[in-house]
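The structure appears below as structure tokens.
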2 protein chains.
Amino acid sequence: MSSCDAIIIGAGPAGLFAAFQLGIHGLQSVILDSASQPGGQCAALYADKPIYDLPGLPAIDGEELVRQLSRQVDRFKPKICLSDRAVFIQTGENGRHAVQTASGQRYEAPFVIVATGLGPFGRAMSRQDMIMPEGLAFAESHIEVDTERFESAVSGIFAIGDAVTYPGKLCLLVSAFHEAALMAFAIRKRRAGEKRVPQEYSSTSTTLRNIFADN
Amino acid sequence: MSSCDAIIIGAGPAGLFAAFQLGIHGLQSVILDSASQPGGQCAALYADKPIYDLPGLPAIDGEELVRQLSRQVDRFKPKICLSDRAVFIQTGENGRHAVQTASGQRYEAPFVIVATGLGPFGRAMSRQDMIMPEGLAFAESHIEVDTERFESAVSGIFAIGDAVTYPGKLCLLVSAFHEAALMAFAIRKRRAGEKRVPQEYSSTSTTLRNIFADN
């Protein structure tokens with residue numbers, strides 16, 4: 001049993017950026033993916049296709065995007081476990097969650113982030129793909145989340161990217177990235193309890209500038 | 001009086017990306033800004049400071065980000081009117097909105113997008129900065145919007161970026177970009193009326209690929 005701050009299921013763009021955002025807030029992630037390389041749909045379907053609607057990137061192909069996202073998260077050294085499928089999430093009586101993989105590995109953390117996208121075969125995320133804890137709410141096989149924290153109906157289980165639904169949801173990369181940022185901030189706030197958590201900016205915060213300058 | 005599909009107030013990153021997203025959906029924008037160059041805070045405060053938390057851009061300074069966003073929106077040829085401050089928004093009986101500038105220019109459109117950020121002097125957007133139509137809801141001088149369409153309490157007036165508030169709101173660029181995308185899709189849907197509007201992807205949609213390949 002390995003323990004960490006957060007388990008991210010899915011090493012696509014949403015999962016990689018989630019680990020980056022959690023890293024900014026001081027949380028160490030383990031990322032699990034059934035594929036043999038990170039990148040999810042981007043690597044599998046758009047590796048050599050230009051994506052035109054990412055802000056500040058007039059045209060970037062999927063492979064290059066995944067390379068940049070990986071480079072970005074590298075400084076936080078998430079543990080990335082590939083070629084091993086998450087088969088179930090279980091919630092213990094202590095409120096912590098355990099994720100077990102097909103190979104029998106077991107990871108435990110107070111927070112799980114489901115970032116599975118459409119899955120390796122283009123199907124929407126569903127109960128058939130992974131055994132989820134009872135109490136999770138689904139709508140047309142997508143996980144229902146709030147738009148404040150991107151948390152599911154089960155406390156501590158968050159979900160972002162193409163696997164989720166909420167009013168207005170679009171399956172856009174830019175939305176997955178926003179969801180990752182709000183999720184990470186919400187987790188940081190929950191860990192801080194009563195303590196006030198200020199928002200900081202990577203260009204001006206001394207703490208953040210030190211993180212990025214040091215690595 | 002100039003007429004267009006949408007008037008965007010603010011030529012910062014949120015405003016530029018809003019025009020880009022509206023362009024994808026076939027809407028022609030006019031962008032107004034009181035500053036003499038586009039870029040908002042990014043150009044004014046972070047021109048030479050690296051930003052580390054934009055997905056796929058491990059480190060980019062404000063000036064370069066504004067250059068890339070401008071390049072991206074250029075293909076949709078928005079009319080960008082600089083050095084002229086929007087002084088009021090007025091809603092006509094026909095439901096269309098008019099925006100008047102300090103120099104006396106008047107623009108009319110069915111949709112207005114407030115993307116003013118913190119304004120040129122670092123103050124939060126407030127009634128003192130611009131005369132807004134009655135009925136707009138404010139919370140601590142930020143415009144309250146829903147998280148489905150990023151529309152204010154006044155139909156047809158949308159708001160995105162640092163000027164807005166909603167549960168969980170963080171003043172992050174990545175959030176402003178997500179807000180712009182959902183706002184643009186909501187406007188497209190409203191224009192379509194009863195007609196179903198499918199979500200399309202820039203990498204796979206023939207329509208979108210043609211837009212980007214042609215320019």
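In what follows, every heavy atom counts, from backbone to side chain, and hydrogens, waters and symmetry copies are set aside. Here is how names work: the chains are called A, B, and so on, in the same order as the sequence lines, proteins then strands, and each is numbered from 1.
Contacts between B:S70 and chain A at a heavy-atom distance below 4.5 Å are absent for every atom of the residue. Only the side chain of B:Y166 comes within less than 4.5 Å of a heavy atom in chain A; its backbone stays farther off. Heavy atoms closer than 4.5 Å to chain A are found in the side chain of B:F17, but not in its backbone. Of the two parts of A:I24, only the side chain, counted from C-beta on, holds a non-hydrogen atom closer than 4.5 Å to a non-hydrogen atom of chain B. The contact between A:F20 and chain B is made entirely by side chain atoms (from C-beta outward), counting heavy-atom distances below 4.5 Å. Neither the backbone nor the side chain of A:R149 comes within contact range of chain B; no heavy atom of the residue lies under 4.5 Å from a heavy atom of that chain. With a 4.5 Å cut-off on non-hydrogen atoms, B:Q21 touches chain A through its side chain but not through its backbone.
Ranked by non-hydrogen atom pairs under 4.5 Å with chain B, the options A:G168, A:A180, A:A176 are led by A:G168. When each of A:R67, A:H178, A:Q68 is checked for heavy-atom pairs under 4.5 Å with chain B, A:H178 comes out on top. Interface remark: of the candidates B:D146, B:L170, B:L69, B:L170 forms the most heavy-atom pairs closer than 4.5 Å to chain A. Options B:G62, B:A59, B:S175 differ in how many heavy-atom pairs under 4.5 Å they form with chain A, and the most are formed by B:S175.
Scanning residues 193-203 of chain B against chain A with a 4.5 Å non-hydrogen threshold yields B:Q199, B:Y201, B:S202, B:S203, sorted by number. Along residues 42-54 of chain A, the residues that come nearer than 4.5 angstrom to chain B, judged on non-hydrogen atoms, are A:Y46, A:K49, A:P50, A:I51, A:Y52, A:D53, A:L54 in order of number. Among residues 3-10 of chain B, no residue has any heavy atom closer than 4.5 Å to a heavy atom of chain A.
Contact detail for B:P55 and A:L57: the closest heavy-atom pair is O-CD1, 4.0 Å. Residues B:G56 and A:L65 come closest through the heavy atom pair CA-CD1, 4.1 Å. What you find for B:Q72 and A:P58 is that their closest heavy atoms are NE2-CA, 3.7 Å. Across all non-hydrogen atoms, the minimal contact from B:V174 to A:A181 is CG1-CB, 4.1 Å.
With sequence neighbours excluded, the residues forming a side chain to side chain donor-acceptor pair (under 3.5 Å) with A:T91 are A:H97, listed by chain and number.
For the atom pair OG1 (A:T147) and NZ (B:K169), the distance works out to 12.0 Å, reported to the nearest 0.5 Å.
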